[in-house]
Amino acid sequence: MESPMSFTYHNSFLIADRKEAWILETAGEYWAAEKVDEGMKNISNNLSITTKIDREHPAMREYARTKGWWDGKKEFNFAAVYSYFNPSRSSSSGDRFCEGYKLLRKHKGNITAATMMEILSDKPSGINMEGGFMTTGSMVSILPQDPNQPCCHFFTGTPDPARSIFKPFIFVPQIGPLVKTASPVFGAEDPVKLKPRFKTKPDRRHELHKKHEDVIMSRETAQNELLTKMKNLEKKQLEEVERILKGGAIDGSGLTMLFVNCVEEELNLYE
């Protein structure tokens, strides 16, 4: 990371397509994966795969045994073995993982894209983080089981989803460069490529990020009125996507411009 702070961590990933979903979690080079058979799962800030392991690194268990973390006899619990503490009771302990699980359960049976945007924007739960580890971007995807319907992905492209707009994006063959949401390229002079690495920190913000930070993140005046306009735009985009998914006629160029047009409307709000 481009920071003088020494901070590293392992990762959890949600992987999904139209037919199935998986959780993949890593600990160094070792990993475990769990197929999601139940209606909902969440990840956050700790390993969550316990004894239901559907795929794994072939040397994962043996490495744990040689390190003395597992005796090779009792049931293997990935989260317990590869964590500093046993997070297997996380769903009831009150941390960020737990709070996310509670929010999902609250809406069980009635989870929509709008619901997920609301959950990702929630600050009391810690899902939407502030301070030194601010949430830098959020994404909600609709993956219809009907292959004739397009998958739609909503991206904020800006920090703090509660003060951002989830903008719809649909992959189409005609898509071109998204200039106003593309970070600048520094080529061979990029500090990530130079050695020693990360000695300087370039400004990687794209045009939308800069404008959003200047207007939304830095100013206190007239925030409520602007935020209302932003969320109205977000609602309008959601309704447009619902229309598309219900079979509304829209040509390829319309799908191509869906995200780009929303970015332009957002930039206009910041003028």
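Quick note: residue numbers are just sequence positions, from 1.
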>> Would Leu267 and Glu207 count as a side-chain contact (heavy atoms from CB on, under 4.5 Å) here? Give the steps.
In response: CA-CA 9 Å; Leu267 286 168; Glu207 182 178 342; 4.1 Å; yes

Heavy-atom count around [X] [atom1] within 6.0 Å, excluding the residue itself: above 12?
X      : atom1 : value
Arg18  : CZ    : yes
Arg204 : CZ    : yes
Lys235 : NZ    : no
Glu239 : CD    : yes

> Are His153 and Phe259 close enough that their ring centres sit under 6.0 Å apart?
Replying inline: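 Here the rings of Phe259 and His153 have centres that are no less than 6.0 Å from each other.
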
> So, do Tyr63 and Trp69 have ring centers that fall under 6.0 Å from each other?
Replying inline: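 Yes, close enough.
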
[X] side chain to [Y] main-chain N or O, any donor-acceptor pair under 3.5 Å?
X      : Y      : result
His206 : Gly157 : yes
Ser125 : Gly100 : no
Thr50  : Asn77  : no
Asp17  : Glu20  : yes
Tyr270 : Asp214 : no
Lys229 : Asn224 : no
Arg197 : Val192 : yes
His212 : Arg163 : yes
Gln237 : Cys262 : no
Lys52  : Lys35  : yes

4.5 Å side-chain heavy-atom contact, [X] and [Y]:
X      : Y      : answer
Met117 : Leu238 : yes
Glu264 : Lys180 : yes
Thr115 : Asn110 : no
Leu208 : Lys167 : yes
Leu227 : Met230 : yes
Cys151 : Ser141 : no
Thr181 : Phe155 : no
Arg55  : Trp22  : yes

Measure the spacing between [atom1] of [X] and [atom2] of [Y] and express it to the nearest 0.5 Å.
X      : Y      : atom1 : atom2 : result
Thr26  : Tyr82  : OG1   : OH    : 11.5 Å
Lys41  : Tyr101 : NZ    : OH    : 7.5 Å
Phe154 : Leu120 : CZ    : CG    : 12.5 Å
Glu240 : Asn261 : CD    : CG    : 10.0 Å
Phe169 : Leu255 : CZ    : CG    : 10.5 Å
Arg105 : Met40  : CZ    : CE    : 6.5 Å

> Knowing that exactly one of Pro159, Ser164, Pro161 qualifies, which makes a side-chain contact (heavy atoms from CB on, under 4.5 Å) with Thr135?
Replying inline: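 By the side-chain contact (heavy atoms from CB on, under 4.5 Å) criterion, Thr135 pairs with just one of Pro159, Ser164, Pro161: Pro161.
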
Do you know which two heavy atoms are closest between [X] and [Y], and how far apart they sit?
X      : Y      : answer
Asp71  : Arg65  : C-CG, 4.5 Å
Asn46  : Glu25  : O-OE2, 4.0 Å
Ser48  : Asn42  : OG-O, 4.4 Å
Ala188 : Leu194 : O-CD2, 3.6 Å
Ile175 : Thr256 : CD1-O, 3.6 Å
Asn128 : Ser121 : ND2-O, 3.2 Å

> Step by step, would you call Val241 with Ile142 a side-chain contact (heavy atoms from CB on, under 4.5 Å)?
Replying inline: CA-CA 10 Å; Val241 169; Ile142 302 174; 4.3 Å; yes

State plainly whether one hydrophobic cluster holds both [X] and [Y], where clusters connect Ile, Leu, Val, Met, Phe, Trp and Tyr through side-chain heavy atoms under 4.5 angstrom apart.
X      : Y      : value
Leu14  : Ile53  : yes
Leu104 : Leu143 : no
Ile49  : Ile15  : no
Phe13  : Met60  : no
Tyr30  : Leu24  : no

>> Side chains of Thr156 and Ser138 only: does a donor on one sit below 3.5 Å from an acceptor on the other?
In response: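 Ser138 and Thr156 do not have a side-chain donor-acceptor pair below 3.5 Å.
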
>> Distance alone, cut at 3.5 Å: any donor-acceptor contact between the side chains of Arg96 and Ser44?
In response: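 A pair is found: one side chain offers a donor N or O, the other an acceptor, under 3.5 Å apart.
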
Salt-bridge present ([X], [Y]; N to O < 4.0 Å):
X      : Y      : answer
Arg205 : Asp203 : yes
Glu213 : Lys210 : no
Glu56  : Arg61  : yes

> Going through the distances and angles, do Leu269 and Ile165 end up as a side-chain contact (heavy atoms from CB on, under 4.5 Å)?
Replying inline: CA-CA 11 Å; Leu269 288 178; Ile165 299 172; 4.3 Å; yes

>> Students often mix this up, so state it plainly: with edges at 30° and 60°, are the rings of Phe76 and Phe78 parallel, tilted or perpendicular?
In response: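 Rings of Phe76 and Phe78: tilted, 30 to 60°.
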
> Should Ile244 and Leu258 be marked as a side-chain contact (heavy atoms from CB on, under 4.5 Å) after you check the CA-CA gap, both sets of side-chain angles, and the distance that decides it?
Replying inline: CA-CA 11 Å; Ile244 294 171; Leu258 201 60; 4.2 Å; yes

